[in-house]
Amino acid sequence: MGKFSKRDSSEIIQPVRSVVPIQPYNGFLGVMPSYVAADGILCTKMVTFYQRAEGSSLPSTQATVLLFHPERGHITAIMDGEAITAKRTAAVSAISAKLLMPALSEVLCILGSGQQAKSHYDVFTNVFKFKEEWGSKTLSQPNLCWRS
Ligand SMILES: NC(=O)C1=CN([C@@H]2O[C@H](COP(=O)(O)OP(=O)(O)OC[C@H]3O[C@@H](n4cnc5c(N)ncnc54)[C@H](O)[C@@H]3O)[C@@H](O)[C@H]2O)C=CC1
Ligand SMILES: O=C([O-])C1=[NH+]CCC1
């Protein structure tokens, strides 16, 4: 995101995410380090995500972001990775949509009604104007309707 926003003017080290399968439980552990020297940001996101059985009350995604002191190496902050993931993922989607979606797009349609559905709804309705918004009632947004 930082590199995207700064149009390559800053150096970012961000290797491809390492992913460990947690096969017996249909899950994965992802580790996502990055270093932005110019901004003094050294951090790692750790995220577990699962294909849950229908009706499961367990969360599908849980995440923590650790911030380090780049010179001394100690941890300076332990942050809520779920809140960051919700905003970051929706923001990246909105940037993609801005660049890729046809100019006359008038309908927003969201499948699912979990964390990402909510954050995408918030970001997309903030950044774009739609004539119609389609999604699940359980998104609990008053102006969303549902269609089978
Ligand atoms: N690329 C990225 O950086 C990220 C990707 N994700 C992915 O986004 C997806 C959604 O994540 P969350 O919103 O956090 O999960 P969530 O568990 O909060 O929500 C998932 C939603 O999908 C619905 N759903 C499940 N199967 C469905 C089906 N067959 N048809 C329609 N709806 C269905 C569930 O009812 C639920 O409302 C997951 O696949 C997750 O792995 C999530 C976070 C970051
Ligand atoms: O990068 C991420 O945060 C995730 N990818 C899949 C589920 C969560």
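Scope of the values below: all heavy atoms of this structure, side chains included, with no hydrogens, waters or symmetry mates. Numbering of ligands and ligand atoms starts at 1, following listing order.
Around atom CD of Q116, more than 12 heavy atoms belonging to other residues, nucleotides or ligands sit under 6.0 Å away. Within a 6.0 Å sphere centred on CG of L100, other residues, nucleotides and ligands contribute more than 12 heavy atoms.
To the nearest 0.5 Å, atom OG1 of residue T125 and atom CZ of residue F130 are 8.0 Å apart.
A donor-acceptor distance shorter than 3.5 angstrom exists from the side chain of S105 to the backbone of P102, with no hydrogens or angles considered. At least one donor-acceptor pair under 3.5 Å links the side chain of S119 to the backbone N or O of A86. The backbone N or O of I41 lies less than 3.5 Å from no partner atom in the side chain of D39, so there is not a single donor-acceptor pair. Judged purely by atom type and a 3.5 angstrom limit, R52 uses its side chain to pair as donor or acceptor with the backbone of P59. Between the side chain of K118 and the backbone N or O of S113 there is at least one donor-acceptor pair closer than 3.5 Å. E82 contributes a side-chain N or O that, together with a main-chain N or O of A63, makes up a donor-acceptor pair within less than 3.5 Å.
Looking from atom 6 (N) of ligand 1 to the surrounding protein, the closest heavy atom is Q116 CG, 4.4 Å. At the shortest separation from atom 19 (O) of ligand 1 among protein heavy atoms lies G114 CA, 3.3 Å. The shortest contact between atom 40 (C) of ligand 1 and any protein heavy atom is with T61 OG1, 4.4 Å. For atom 17 (O) of ligand 1, the closest heavy atom belonging to the protein is S60 OG, 2.7 Å. What sits closest to atom 23 (C) of ligand 1 on the protein, heavy atoms only, is G112 CA, 3.9 Å. Looking at atom 4 (C) of ligand 2, its nearest protein heavy atom turns out to be R17 NH1, 3.4 Å. Looking only at heavy atoms of the protein, atom 18 (O) of ligand 1 is closest to Q115 N, 3.0 Å. Atom 3 (O) of ligand 2 has its closest protein heavy atom at K45 NZ, 2.5 Å. When hydrogens are left out, the protein atom nearest atom 35 (O) of ligand 1 is S113 OG, 4.6 Å; that is the closest non-hydrogen contact. The closest protein non-hydrogen atom to atom 7 (C) of ligand 2 is F49 CG, 3.5 Å. Shortest contact from atom 4 (C) of ligand 1 to any protein heavy atom: T89 CG2, 3.8 Å.
Taking distance alone, with nitrogen or oxygen atoms compared against 3.5 Å, F49 stays at or beyond that limit from ligand 1. Residue T85 has no nitrogen or oxygen atom sitting less than 3.5 Å from a nitrogen or oxygen atom of ligand 1, judged on distance alone.
Protein heavy atoms are absent from the 4.0 Å sphere centred on atom 25 (C) of ligand 1. Atom 43 (C) of ligand 1 is approached by the protein to below 4.0 angstrom, counting heavy atoms only. For atom 30 (N) of ligand 1, no protein non-hydrogen atom is found at a distance below 4.0 Å. By the definition of a contact as any protein heavy atom under 4.0 Å away, atom 37 (O) of ligand 1 is in contact.
For ligand 2, the atoms sitting less than 4.0 Å from at least one non-hydrogen atom of M32 are 1 (O), numbered in the order shown with element in parentheses.
Using cut-offs of 30° and 60° for the angle between ring planes, the F124 and H120 rings count as parallel.
At a heavy-atom distance under 4.0 Å, only side-chain atoms of R88, from C-beta outward, approach ligand 2.
The shell of residues lying under 4.0 angstrom from ligand 1, judged by heavy atoms, excludes R52. Under a 4.0 Å heavy-atom criterion, L111 is not in contact with ligand 1.
In this structure, I110 is a member of the same hydrophobic cluster as V123, with clusters built from ILVMFWY side-chain heavy atoms closer than 4.5 Å. Two different hydrophobic clusters hold V47 and V65 under the rule that ILVMFWY side chains link at heavy-atom gaps under 4.5 Å. A single hydrophobic cluster is not seen to contain both I75 and L67; linkage of ILVMFWY side chains at heavy-atom distances under 4.5 Å, directly or through other members, places them apart.
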